[in-house]
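Letters A, B, ... are given to chains in the order of the sequence lines, protein chains preceding strands, and every chain is numbered from 1.
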There are 2 protein chains.
Amino acid sequence: MSQLTSTHEKVGYLPGSKPSTHTAFTAASGIENAVRMLEGRWKLVILFNLFGGRLMRFSDLERAIPDISQKMLIQQLRQMEADGIVTRLVHHQVPPKVEYGLTAWGQSLCPALDALLTWAEARPASPDAQ
Amino acid sequence: MSQLTSTHEKVGYLPGSKPSTHTAFTAASGIENAVRMLEGRWKLVILFNLFGGRLMRFSDLERAIPDISQKMLIQQLRQMEADGIVTRLVHHQVPPKVEYGLTAWGQSLCPALDALLTWAEARPASPDAQ
DNA sequence: CCGCATCCAACGAGATACTG
DNA sequence: CAGTATCTCGTTGGATGCGG
């Protein structure tokens with residue numbers, strides 16, 4: 001279910017003709033929301049460690065991402081939790097144990113990121129004059 | 001040609017088993033490059049005004065995006081030009097005339113953004129405990 | 001018309017130290 | 001173990017004014 005056309009032809013969300021659900025501005029702001037959730041120095045790295053559906057403890061993530069500080073790790077996790085991307089599961093134990101995972105919606109980010117990765121790697125080496 | 005699996009099953013880029021071309025870190029950094037090019041307050045709005053393959057003058061873009069400052073417009077355009085996403089065509093005239101458009105690679109961003117938009121709009125209203 | 005330079009405020013993110 | 005608190009700094013983006 002594609003909302004934007006991917007061709008070089010005229011597209012449906014252009015101002016003037018809006019047969020589709022989106023104008024240039026609504027489409028942009030919708031994607032901006034997505035990009036905002038993905039911004040942040042570490043979010044994608046965290047996400048990729050969580051893809052696959054397994055749960056990881058705070059300390060697991062710390063080990064998996066050596067250069068991250070505790071502050072950044074918790075901050076980015078909490079933001080993604082607030083965004084509905086990651087789940088936070090607290091086990092009331094001594095010592096404490098908290099596991100992080102992905103929501104179903106978070107999992108569904110995977111194909112979109114795949115598209116982005118494919119695009120990024122298709123970058124031509126030499127500048128192409130259109 | 002998908003490089004990441006989109007299922008909830010085990011995925012190929014996970015540490016330990018790397019039959020695919022990507023580890024969690026190379027995949028993340030590849031996408032980070034893409035996200036970095038899309039960050040910036042106005043880049044997506046500019047992009048959407050350029051999709052469709054038509055050329056737009058500097059002043060056209062200024063009019064199309066009322067709240068943007070000249071500094072921001074030129075800055076984001078130049079960055080995207082450096083990234084190989086937009087083209088810059090200078091007509092040596094009096095008064096000056098410069099037209100901006102998308103490279104072929106820039107055009108090919110469209111489906112990837114579409115995937116992101118579809119994902120963003122699929123966000124569940126209520127928090128879903130996975 | 002198109003763009004550059006400068007100054008400034010706001011925010012993101014790292015380092016470090018401390019707590020339940 | 002899993003956080004919180006504070007400080008600092010680099011970067012981003014806005015406003016304004018000048019130049020080819």
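Remark: C1' of dA2(D) and CG of Asp60(A) are 12 Å apart, rounded to the nearest angstrom. Here the P atom of nucleotide dT4(D) and the CG atom of Leu73(A) are 11 Å apart, to the nearest Å. What separates CE of Met72(B) from C1' of dT6(C) is a distance of 13 Å, to the nearest Å. Between the NE2 atom of His91(B) and the C1' atom of dG20(D) there is a distance of 18 Å, rounded to whole Å. Distance CG (Leu61(A)) to P (dG3(D)): 10 Å, rounded to an integer number of Å. Rounded to whole angstrom, the span from the CD1 atom of Ile74(B) across to the P atom of dG14(D) amounts to 15 Å. Rounded to whole angstrom, the span from the CD1 atom of Ile68(A) across to the P atom of dG3(D) amounts to 13 Å. For the pair Glu99(B) CD and dC2(C) P, the computed distance is 10 Å after rounding to whole Å.
Looking at heavy-atom distances under 4.0 Å, Ser69(A) makes no contact with the nucleic acid at all. Contact annotation for Glu62(B): no contact, since no heavy-atom pair falls under 4.0 Å across all strands.
Both Lys71(B) and Arg57(B) sit near DNA chain C, but only Arg57(B) has its closest nucleotide nearer the 5' end. Nearest-nucleotide assignment on DNA chain C puts the 5′-proximal partner with Glu39(A), out of Glu39(A) and Gln70(A).
Of the candidate nucleotides dG14(D), dC1(C), dG3(C), dG14(D) has the atom nearest to the side chain of Arg41(B). Comparing dC4(C), dT4(D), dC2(C) by their nearest atom to the side chain of Arg78(A) picks out dT4(D). The side chain of Trp42(B) lies closest to dG14(D) when the candidates are dA13(C), dG14(D), dC4(C).
Between the CG atom in Asp67(B) and the CE atom in Met72(B) there is a gap of 13.5 Å [rounded to 0.5 Å].
Aromatic ring orientation, Trp105(A) versus Trp119(B): parallel (interplanar angle below 30°, classes split at 30° and 60°).
Between Tyr100(B) and dC2(C) there is no side-chain polar atom (N or O) within less than 4.0 angstrom of OP1 or OP2. For dA13(C), the OP1/OP2 oxygens have a side-chain nitrogen or oxygen of Gln76(A) closer than 4.0 Å. Side-chain N/O atoms of Arg36(A) include none lying less than 4.0 angstrom from OP1 or OP2 on dC11(C).
Counting only distance, with no hydrogens or angles, the side chain of Ser29(A) and the backbone of Glu32(A) share no donor-acceptor pair below 3.5 Å.
Ion pairing between Glu81(A) and Arg78(A) holds under the 4.0 Å rule for side-chain N and carboxylate O.
Residues Leu73(A) and Glu62(A) are in side-chain contact: their nearest non-hydrogen atoms beyond the backbone lie under 4.5 Å apart.
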